[in-house]
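One structure is given below, encoded as structure tokens.
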Amino acid sequence: MPENILAALFHLTKPYTEAVLAQRERKWLRRIGVPLAGKTLGILGIGAIGAELARKAAALELRVIGTRRRPEPVPHVEKLLPPERTAEVLAESDFVVLLLPLTPATENSVNAEFLSHMKPEAWLLNFARGALVVDADLIAAVQARRIAGAVLDVFRQEPLPPEHPFWSTENILVLPHIGGLHPTRNAIVAELFVENLGRFLDGRPLTAVVDRSAGY
């Protein structure tokens, strides 16, 4: 998933898509890419995925800030704030990545008020859960240029219905939920199951355990 998120950042800042479209028409159209170095990446919900994304982003000289429910510091994250200070992260970020779990506290949290704290030139990237976002509020913010746009990999209903306005809204990119896919995913899951089965039979603590009280 961190590589797919980085790919989205490159898509937003480098002119490769335009070059591919221009090639079809045999047009020589030069474009200037926007550097990622020096930009601020805000990650909301820094867990294992967010920590790895921060590590990779730091290598690209991105400034990384974010939120986390637990206060422990995370390597390569310059500023780490609790969820109740999300607005501060939004105000500083050029790219806002959603990696939040879906809980009663986070459902519909990306609404008009949330989006009002973002920079007008900032992009929202949702690689978490579709129900975090109030669809109509996001469309309105993008159409009114209150934010630059959005890259969405998750949706309330999947596949995304053909009539959904996300498909036709300028500056909203629809991805078919590719963020967490991996060519050896089944083998990785099987290894985790076997490891935990052995731990269970031996009476040892399990790994990758869901915290039912937290909801994820």
Side-chain angles (χ1 to χ4, degrees), residues 1-14 34-103 105-111 113-134 137-138 141-142 147-155 172-173 175 177-182 208 211 214-216:
M1 189 180 291
E3 289 190 14
N4 279 318
I5 294 171
L6 291 178
L9 295 178
F10 280 116
H11 170 79
L12 296 176
T13 56
K14 310 303 177 192
V34 177
L36 282 173
K39 298 291 186 182
T40 296
L41 175 67
I43 307 173
L44 304 186
I46 300 182
I49 295 172
E52 179 62 14
L53 174 60
R55 186 184 72 83
K56 295 179 184 298
L60 297 173
E61 300 179 52
L62 279 154
R63 172 180 178 249
V64 182
I65 61 177
T67 64
R68 185 177 185 175
R69 189 169 60 90
R70 297 180 299 277
E72 298 92 344
V74 177
H76 310 291
V77 178
E78 178 181 308
K79 182 189 294 186
L80 187 61
L81 299 176
E84 53 268 25
R85 296 177 65 183
T86 294
E88 297 176 46
V89 175
L90 299 178
E92 295 184 36
S93 299
D94 299 297
F95 308 97
V96 176
V97 178
L98 302 180
L99 292 177
L100 298 163
L102 180 60
T103 68
T106 62
E107 186 173 6
N108 296 320
S109 60
V110 182
N111 52 26
E113 180 183 359
F114 176 105
L115 296 166
S116 71
H117 293 290
M118 291 177 60
K119 296 179 180 180
E121 65 273 18
W123 288 82
L124 178 75
L125 294 82
N126 189 7
F127 282 79
R129 293 291 181 263
L132 298 174
V133 176
V134 178
D137 288 359
L138 177 58
V142 173
I147 67 171
V151 177
L152 306 176
D153 189 47
V154 288
F155 307 91
I172 289 183
L173 174 63
L175 301 177
H177 203 147
I178 61 174
L181 299 180
H182 191 281
D211 183 343
Y216 58 93

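Please read all numbers here as calculations on a predicted model, not as lab measurements.
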task: Provide the closest heavy-atom pair for A54 versus P75 in the form atom of the first, atom of the second, distance.
output: CB-O, 4.2 Å
query: Side chain of T86, backbone of P83: donor and acceptor closer than 3.5 Å?
result: yes
query: With side chains defined as the heavy atoms from C-beta onward, is the minimum distance between V89 and V96 less than 4.5 Å?
result: no
- prompt: In a check of side-chain contact (heavy atoms from CB on, under 4.5 Å) between L41 and each of L53, L36, D94, I65, which one passes?
  reply: L53
- prompt: Does some side-chain heavy atom of N126 sit less than 4.5 Å from a side-chain heavy atom of V110?
  reply: no
- line: The side-chain contact (heavy atoms from CB on, under 4.5 Å) partner of F95 among T13, T40, L124, I43 is T13
field: Donor-acceptor contact below 3.5 Å, side chain T67 vs main chain P82
entry: no
message: Is it the case that atom CZ in R68 sees more than 12 heavy atoms from other parts of the structure closer than 6.0 Å?
response: yes
task: Just grab all the salt bridge (charged side-chain N to carboxylate O under 4.0 Å, His left out) pairs involving residues 45-55, residues at least two apart or on different chains.
output: E52-R55, E52-K56
task: Apply the test side-chain contact (heavy atoms from CB on, under 4.5 Å) to residues V64 and V74: give CA-CA distance (whole Å), side-chain angles for both, the deciding distance (0.1 Å), then the verdict.
output: CA-CA 10 Å; V64 182; V74 177; over 6 Å; no
field: Backbone of H177 reached by a side-chain donor or acceptor of D153 within 3.5 Å
entry: yes
field: Heavy-atom closest contact (S93 atom, G42 atom, distance)
entry: OG-CA, 3.3 Å
- request: Would you please name every residue forming a side-chain hydrogen bond (donor to acceptor under 3.5 Å, both in side chains) with K39, sequence neighbours left out?
  value: none
field: Residue pair M118 / I147: nearest heavy atoms and the distance that separates them
entry: CB-CG2, 3.9 Å
Do any side-chain atoms of residues 3-11 form donor-acceptor pairs under 3.5 angstrom with protein atoms, and if so which ones, sequence neighbours left out?
{"unit_1": "N4", "atom_1": "ND2", "unit_2": "I178", "atom_2": "O", "d": "3.1"}
{"unit_1": "N4", "atom_1": "ND2", "unit_2": "G179", "atom_2": "O", "d": "3.1"}
{"unit_1": "H11", "atom_1": "ND1", "unit_2": "T17", "atom_2": "OG1", "d": "3.1"}

- prompt: Hey, does F114 have a side-chain heavy atom less than 4.5 Å from the side chain of L132?
  reply: no
Test item: T106 side-chain N/O and P101 main-chain N/O as donor-acceptor pair under 3.5 Å: yes
message: List the residues meeting side-chain hydrogen bond (donor to acceptor under 3.5 Å, both in side chains) with H76, not counting sequence neighbours, and say none if there are none.
response: none
statement: Rounded to the nearest 0.5 angstrom, the OG-CG distance for S109 and L44 is 8.5 Å
- request: Please name all residues satisfying salt bridge (Lys or Arg N to Asp or Glu O under 4.0 Å) with D137, sequence neighbours left out, ordered by chain then number.
  value: none
message: Enumerate the salt bridge (charged side-chain N to carboxylate O under 4.0 Å, His left out) contacts for residues 74-88, please, sequence neighbours excluded, ordered by first and then second residue.
response: R63-E78, K79-E92, R85-E88
message: Less than 4.5 Å apart, side chain to side chain, heavy atoms only: is that true for E107 and L102?
response: yes
- prompt: Are any of the side-chain heavy atoms of L99 and F127 separated by less than 4.5 Å?
  reply: yes
